[in-house]
There are 2 protein chains.
Amino acid sequence: MSGEEAPAQQQKSEEQKQETKANEEPKPETKQETAPAADASAAPAATEKAPEEEVFTYRSLVLSGYGGYDKVKLQVKKGMPTLKNGEVLVRVKACGLNFADLLGRQGLYDRLPSPPVTPGLECSGVIEALGEEVTDRKVGDKVLVLNRCGLWQEVVAVPASHTFAMPDGMSFEEAAAIPVNYITAYMMLFDFGNLRPNQSVLVHMAAGGVGIAATQLCKTVKDVTVFGTASASKHEAISQGGVTHTIDYRTQDYVSEIRKISPKGLDIILDPLGGSDTHKAFNLLKPMGKLITYGTANMLTGQKKNLLAVAKTWYNQFSTNAGSLIHANKSVCGFHIGYLDGEYELISQVVAKLLELYSQGKIKPRVDSTYHFEQVGDAMRRMQERNNIGKVILLTEPKKEEEKKEEKKEEEKKDEKKDEKKDEPKSEEGKKEEN
Amino acid sequence: MSGEEAPAQQQKSEEQKQETKANEEPKPETKQETAPAADASAAPAATEKAPEEEVFTYRSLVLSGYGGYDKVKLQVKKGMPTLKNGEVLVRVKACGLNFADLLGRQGLYDRLPSPPVTPGLECSGVIEALGEEVTDRKVGDKVLVLNRCGLWQEVVAVPASHTFAMPDGMSFEEAAAIPVNYITAYMMLFDFGNLRPNQSVLVHMAAGGVGIAATQLCKTVKDVTVFGTASASKHEAISQGGVTHTIDYRTQDYVSEIRKISPKGLDIILDPLGGSDTHKAFNLLKPMGKLITYGTANMLTGQKKNLLAVAKTWYNQFSTNAGSLIHANKSVCGFHIGYLDGEYELISQVVAKLLELYSQGKIKPRVDSTYHFEQVGDAMRRMQERNNIGKVILLTEPKKEEEKKEEKKEEEKKDEKKDEKKDEPKSEEGKKEEN
């Protein structure tokens with residue numbers, strides 16, 4: 001991704017107009033600050049004047065500083081983003097939530113510029129305006145978008161090459177669930193992994209976004225055996241999704257469970273965990289096997305940065321050398337879509353294949369849940385605590401009044417404890433749910 | 001390769017009956033030692049009695065100890081190798097010479113059992129007898145053979161699964177040139193490399209056995225660009241063989257030459273060199289590129305082990321870790337056919353594909369030169385000094401009298417200096433010819 005656009009885009013809108021704590025309702029009508037940011041650097045608009053009637057405003061999620069869920073704030077930005085040559089303006093409908101966003105909030109994702117910054121690597125929406133030199137898009141086109149960051153807002157200006165036409169029958173929620181997870185799974189399995197019939201694949205976090213995408217893509221190849229780890233409550237769902245052998249990593253040692261079924265080991269292992277799990281993966285490969293490591297989810301144990309987990313994952317980081325690889329006849333690959341700057345030609349070929357598979361009914365994103373922008377904290381919590389089965393989606397559209405009332409009633413029933421709990425670090429809870 | 005058979009096979013023939021220095025002519029008729037081994041451990045037969053008339057004997061090349069070319073001795077072994085279940089007896093016609101044999105002679109290849117041992121990973125010949133439980137081979141079948149070692153002799157007992165039927169029209173020399181080089185090139189390019197149309201590949205030592213095989217296999221895929229390194233005198237040959245861009249590594253910096261043509265780098269790099277060249281390869285990869293390292297030819301600088309070259313190659317050995325791979329979106333693979341123990345099912349699938357490509361005229365081994373067993377030293381020297389274009393082949397058949405006379409005449413013309421030179425270490429000469 002030529003991510004240089006992302007920070008620039010931040011600066012296009014003039015000033016942050018309004019700011020609410022995540023999970024509180026914004027009141028754009030009043031155009032006053034309803035909840036000053038905890039982080040002073042994120043509240044430059046405190047002394048603003050009332051804006052003129054015609055000024056265009058849009059809602060945007062902004063990471064105000066590194067930390068817990070409350071660091072992502074809903075703000076109203078002023079001024080239509082200006083379009084550079086080759087860019088299009090997209091009215092965003094739905095956004096995907098990714099591990100990179102969770103890591104970014106804790107300051108653990110170096111592709112996200114320093115706060116204040118709008119996160120978001122993927123979204124879907126409708127093209128509203130075209131910059132100069134854009135010939136292959138038109139106003140009204142429904143598109144899915146991949147970018148380095150900056151997509152969690154109502155309108156975004158992005159290079160046309162970062163947008164891909166949505167096929168008929170695809171919902172905006174589905175479209176927002178495609179880019180990061182499916183491109184990642186596809187390139188890992190079919191480019192690095194070179195997956196072929198009769199092979200075996202280990203998919204960790206098989207109920208997560210990449211896990212579900214990888215399982216579906218494995219099933220497009222004849223007689224592939226998929227080993228999938230997830231907590232027991234998700235086994236039925238991942239089995240139905242195509243996992244051949246489900247493993248509850250919380251009660252079972254996944255290495256020995258796999259060895260029981262496949263004593264010689266596996267052909268491909270997708271490793272989103274990092275640390276000691278990467279070592280296990282390498283040892284669990286067959287000769288000619290391929291380990292594809294693509295994350296450090298083991299670093300994420302709670303809402304706030306857990307220095308011990310980070311250090312442990314770092315300390316246990318897998319390393320190897322030419323001699324060891326030659327003696328083992330093995331392959332180790334690293335993948336992260338966030339570092340594929342400038343590879344949009346390659347990415348666009350992959351997206352074309354994915355959309356064809358979608359149209360053929362061979363893949364279909366599973367949307368776990370949708371949250372409005374003002375609920376971004378709950379959305380992140382759901383993913384952080386590994387409660388999702390499939391993709392967590394953010395909707396730009398404000399929550400409707402009826403929904404709000406419903407929710408208020410629900411909340412009144414609960415005691416205040418829940419809210420206190422929300423702001424506590426959840427390192428242990430996060431850890432135990434799903435690694 | 002289930003190489004455990006190899007050492008056992010050594011012990012099958014009763015005792016070493018006769019021994020000659022490599023490059024001297026054996027006199028099997030006399031059945032007496034004509035030249036005692038320099039290495040005492042390799043001459044256990046010194047006090048033997050004259051054998052009975054009916055005893056079966058066969059010529060075998062034996063590595064008597066680690067060192068120079070003279071450590072490989074032509075011996076006559078006594079007693080027909082006995083066949084275990086699943087084995088076949090092959091009357092060997094031609095054998096391939098490989099870098100593993102050169103490294104093995106210097107004690108640098110740990111898959112070769114300790115001397116005295118018969119080297120040789122590949123050969124071709126005719127099946128002469130079947131062990132029990134062999135159903136898919138018959139006496140008279142022409143086969144090519146891959147084994148951990150032990151194939152440089154007139155008859156070998158090997159598992160039937162290590163033999164592959166030669167297609168029509170293939171010569172024994174060609175057949176002996178197939179297994180190691182073509183399986184290696186195929187698995188690197190199509191299993192680890194996942195080579196696809198329009199990609200770019202760097203083939204080091206493009207005039208060597210693997211180099212020529214890899215170039216031919218690259219040409220089976222549409223619009224693949226092959227960068228090939230070789231000394232200038234070989235450029236015409238490798239161009240004709242399919243190399244798109246020839247690079248003389250002795251006068252040009254291959255990295256900058258490649259960057260001029262392909263600024264973004266390459267998709268696949270095959271690295272037989274090791275040491276600092278592996279680092280260069282990694283940096284020369286595109287995102288999503290694959291480095292496949294398969295040797296340490298940089299260790300081989302002369303006839304005898306060069307401790308400095310070994311240490312330097314070892315010290316500069318490429319190492320990496322999960323984080324670096326993820327940030328680079330790259331793949332590092334190690335390959336060596338000698339460590340593919342027990343993977344004959346996989347190998348047999350690859351050989352089937354190779355023989356089909358041969359029958360279609362898409363690949364054809366290039367035999368550089370053939371040497372009789374008694375000339376094994378010259379054969380090794382040719383490869384060591386990188387004078388070959390294509391495969392160096394050993395023939396089991398003794399040199400004919402006419403050939404001998406011819407050669408004698410030739411030799412008489414030359415002064416004695418040449419023979420002295422043969423026994424000298426050639427570390428500098430070897431280094432300068434081709435890396």
Side-chain angles (χ1 to χ4, degrees), chain A residues 110-111 187-188 190-196 198 264 267 271-275 277-279 281-282 286-296 313-314 316-343 345-347 349-350, chain B residues 110-111 187-188 190-196 198 264 267 271-275 277-279 281-282 286-296 313-314 316-343 345-347 349-350:
Chain A
D110 62 7
R111 300 301 291 161
M187 293 183 84
M188 291 197 298
F190 296 117
D191 194 335
F192 281 149
N194 193 13
L195 177 63
R196 285 157 299 170
N198 299 307
K264 281 186 71 177
D267 292 299
D271 163 44
L273 303 173
D277 287 290
T278 318
H279 294 263
F282 187 77
K286 271 184 198 172
M288 300 307 293
K290 299 167 195 86
L291 159 60
I292 305 154
T293 183
Y294 68 103
T296 51
T313 308
W314 183 258
N316 287 323
Q317 182 179 212
F318 177 77
S319 64
T320 188
N321 60 47
S324 302
L325 291 167
I326 288 176
H327 285 74
N329 280 300
K330 289 180 182 177
S331 163
V332 182
C333 321
F335 184 87
H336 198 295
I337 198 168
Y339 300 91
L340 271 183
D341 286 33
E343 295 302 319
E345 202 181 313
L346 194 57
I347 285 172
Q349 291 166 14
V350 174
Chain B
D110 62 6
R111 298 303 289 160
M187 293 182 85
M188 290 197 300
F190 296 117
D191 194 335
F192 281 150
N194 192 12
L195 176 64
R196 283 156 299 168
N198 299 305
K264 281 186 73 177
D267 293 298
D271 163 45
L273 304 173
D277 287 291
T278 319
H279 294 264
F282 187 77
K286 272 184 196 170
M288 299 308 292
K290 300 168 195 84
L291 158 60
I292 304 154
T293 183
Y294 68 103
T296 51
T313 308
W314 182 258
N316 286 324
Q317 182 180 211
F318 178 77
S319 63
T320 188
N321 61 46
S324 303
L325 291 167
I326 288 176
H327 285 75
N329 279 300
K330 289 180 182 176
S331 164
V332 181
C333 321
F335 185 86
H336 198 294
I337 197 169
Y339 299 91
L340 270 183
D341 287 31
E343 295 302 320
E345 202 181 313
L346 194 57
I347 285 171
Q349 291 166 16
V350 173

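Throughout, protein chains are lettered first and strands after them, A, B, ... in sequence-line order, and every chain is numbered starting at 1. Just the heavy atoms: all of them, side chains too, but no hydrogens, waters or symmetry mates, feed the values below.
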### Query
Which heavy-atom pair separates A:Leu325 from B:Cys333 by the least distance, and what is that distance?
CB-C, 4.3 Å
### Task
Check whether A:Asp271 gets within reach of chain B through its side chain, its backbone, both or neither, counting any heavy atom under 4.5 Å.
neither
#### Entry: Residue part contacting chain B, namely of A:Lys290, when any heavy atom lies under 4.5 Å
side chain
### Message
Measuring from atom CH2 of B:Trp314 to atom CG of A:Asn321, what distance do you get when rounded to the nearest 0.5 angstrom?
### Response
6.5 Å
### Message
Please give me the minimum heavy-atom distance between B:Phe192 and A:Ser331, naming the atom from each residue.
### Response
CE2-CB, 3.5 Å
### Task
Answer with side chain, backbone, both or neither: which region of A:Tyr294 has an atom nearer than 4.5 Å to a non-hydrogen atom of chain B?
backbone
### Query
Given a strict heavy-atom distance threshold of 4.5 Å, which part of B:Leu346 is in contact with chain A: side chain, backbone, both, or neither?
side chain
### Message
Looking at A:Glu343 and B:Pro287, would you say the former's side chain and the latter's main chain have a donor-acceptor pair under 3.5 Å?
### Response
no
### Query
How close do B:Ile326 and A:Gly295 get, heavy atom to heavy atom, and via which atoms?
CD1-N, 3.7 Å
### Query
Most heavy-atom pairs under 4.5 angstrom with chain A, which of B:Ser319, B:Gly274, B:Ala328, B:Ser324?
B:Ser319
### Message
Heavy-atom cut-off 4.5 Å, strictly under: side chain, backbone, both or neither for A:Lys286 against chain B?
### Response
neither
### Proximal component of A:Leu291, with respect to chain B [non-hydrogen, under 4.5 Å]
neither
### Query
Is the shortest heavy-atom distance from the side chain of B:Met187 to the side chain of A:Asn329 under 4.5 Å?
no
### Query
Considering only heavy atoms from C-beta outward, does the side chain of B:Arg196 approach that of A:Asn194 to under 4.5 Å?
no
